[in-house]
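One structure is given here, and the rest of the page talks about it.
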Amino acid sequence: MTTRIRTLAGDVFFPTAALAVAALCWWTVTVVGDVPAFVLPAPGAVVARLVGNPTLYVHNAWYTLEKVLYGGSVGIAAGFLLAVLVAYLPWFRTAVYPYLVTVRVLPKIAVAPLLLIYLGTGTETAVVFVALITFFPLVLSTAAGLERAPSAHRDLLRSVDAGPLERIVYVDLPYALPDVFAGLKQSVTLAVVGAVVAEWVIADRGLGFLILMGSENVRPDVMLAALAVLLALGLALYGTVVLVQRGVKRWLGLEAAG
C-alpha cells in the first residue's frame with residue numbers, strides 16, 4: 001500500500017514540478033525579455049483571463065469533450081472489433097491489414113473536406129472525424145497484442161477443449177493488455193487533437209473554435225487560456241486511461257506485468 005502511495009505521489013509531483021518550471025521559464029521570458037503582451041502574455045494574464053470568464057471556457061470545453069467522448073467511443077469500439085477480426089481471421093488480415101497500415105500514415109486532415117461534402121457541417125461530422133482519428137492506433141496495437149500469448153498456453157486450452165472465447169478471455173486478452181492500453185492512450189490523446197481540428201473546420205463553438213477566434217482577433221491570452229484548458233482536458237483523459245489500466249492489472253493480478 002505504501003509503495004502505491006509513493007508511486008501515486010511521484011506521478012503527481014514530477015509532472016506538477018515540470019509544469020511549474022515551464023511556467024517560471026515562460027514568466028522569465030516575458031519579464032526579462034520585455035516581450036509585449038500582444039506577442040506573448042505573461043502566465044498571470046492567462047490565469048486572469050481564465051478566472052475572469054470561467055463560464056466561457058467551461059462551456060466550450062464541454063462542447064469539445066462531447067466530440068471527444070462520442071467520437072472516441074465509436075472509434076475505439078470499432079477499432080477493437082476490427083482488431084479481433086484481424087487477429088483471428090487470417091484471410092481477413094491478409095485482405096485488410098496492408099490498407100490499415102497505409103491509411104494510418106495518411107494525414108487525417110485530408111479527409112475533412114470529403115466529410116464536409118458527404119456529411120455537411122454538423123456536429124456529426126466532427127464526431128466521425130474524431131472516430132477516424134482514434135480508430136487506427138487502437139486497431140493496430142490491439143491486433144498485435146492479441147498475438148503475443150505463448151503458443152504453449154493456447155495448446156493447453158485446446159487440450160481441455162476450450163473454445164475461441166475462452167482463449168480470448170483467459171489467455172490472449174491478458175497478454176494483449178499492455179498493447180491495448182498503449183493504443184488507448186494514443187487514441188484519447190489524438191481524440192482531443194481531432195476534436196480541435198474539426199472545430200477549426202466545421203464548428204462554431206468549442207475550444208478549437210475559441211483558439212481560432214483568438215487567432216483572428218490577435219488575442220494570444222484567449223488562445224493560451226484555451227490551450228491551457230485543452231492541456232488539462234488531455235491530461236485528465238490520459239490519466240483516466242492510466243488509472244483504468246492499473247485497476248484492470250490489479251484485478252487480474254498482473255501488477256508485475258509491463
Side-chain angles (χ1 to χ4, degrees), residues 1-16 64-89 92-93 97 100 104 127 130-158 160 162-195 231-258:
M1 185 67 176
T2 304
T3 303
R4 291 176 185 171
I5 293 175
R6 289 177 179 174
T7 301
L8 181 60
D11 290 344
V12 173
F13 172 76
F14 289 111
T16 303
T64 299
L65 182 60
E66 280 186 326
K67 300 180 184 74
V68 170
L69 294 179
Y70 293 148
S73 298
V74 172
I76 288 169
F80 185 83
L81 177 59
L82 190 64
V84 171
L85 296 177
V86 167
Y88 296 110
L89 297 177
F92 187 78
R93 177 186 179 90
Y97 196 80
L100 290 175
R104 184 183 180 183
V127 170
V130 173
L132 287 174
I133 291 286
T134 59
F135 171 82
F136 292 98
L138 187 75
V139 66
L140 295 176
S141 294
T142 302
L146 289 172
E147 298 177 350
R148 294 194 186 279
S151 57
H153 291 194
R154 296 173 178 172
D155 292 340
L156 179 61
L157 281 181
R158 280 194 290 268
V160 295
L165 184 59
E166 287 82 3
R167 169 187 164 183
I168 295 174
V169 172
Y170 295 113
V171 175
D172 292 347
L173 195 54
Y175 275 95
L177 281 179
D179 295 280
V180 173
F181 279 102
L184 276 174
K185 291 171 186 176
Q186 293 183 57
S187 292
V188 297
T189 305
L190 290 175
V192 177
V193 176
L231 175 63
L233 182 62
L235 287 175
L237 291 170
Y238 186 90
T240 300
V241 174
V242 171
L243 291 176
V244 171
Q245 180 181 17
R246 290 178 179 176
V248 170
K249 288 171 66 176
R250 200 157 47 238
W251 179 52
L252 295 176
L254 300 173
E255 292 92 340

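As a basis for the values below, the full set of heavy atoms in this structure was taken, side chains included, without hydrogen atoms, waters or symmetry mates. Position 1 is the first residue of the sequence; numbering continues from there.
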Where Ser141 and Gln186 come nearest, the two heavy atoms and their spacing | OG-NE2, 4.1 Å

Phe181 vs Val242, side-chain contact (heavy atoms from CB on, under 4.5 Å): CA-CA, chis, key distance, verdict | CA-CA 8 Å; Phe181 279 102; Val242 171; over 6 Å; no

Identify the two heavy atoms, one from Ile133 and one from Gly194, that lie closest to each other, and give their separation to 0.1 Å.
-> CG1-CA, 4.2 Å

Qualifying residue, where the test is side chain to side chain contact (heavy atoms under 4.5 Å, CB included) with Leu138 and the options are Val188, Leu184, Asp179 = Leu184

Listed by chain and number, what are the side chain to side chain contact (heavy atoms under 4.5 Å, CB included) partners of Thr134, not counting sequence neighbours?
-> Val130, Ser187, Ala191

When rounded to the nearest 0.5 Å, the distance separating CD of Gln245 from CG of Leu177 is 8.0 Å

Looking at residues at least two apart in the chain, or sitting in another chain, which of them share a side chain to side chain contact (heavy atoms under 4.5 Å, CB included) with Val86?
-> Leu82, Phe92, Arg93, Val96, Tyr97, Leu100, Ala143

Mind checking what makes side chain to side chain contact (heavy atoms under 4.5 Å, CB included) contact with Val127, not counting sequence neighbours?
-> Tyr70, Thr123

One should read off an interatomic distance between Leu146 CG and Phe80 CZ, to the nearest 0.5 angstrom, of 6.5 Å

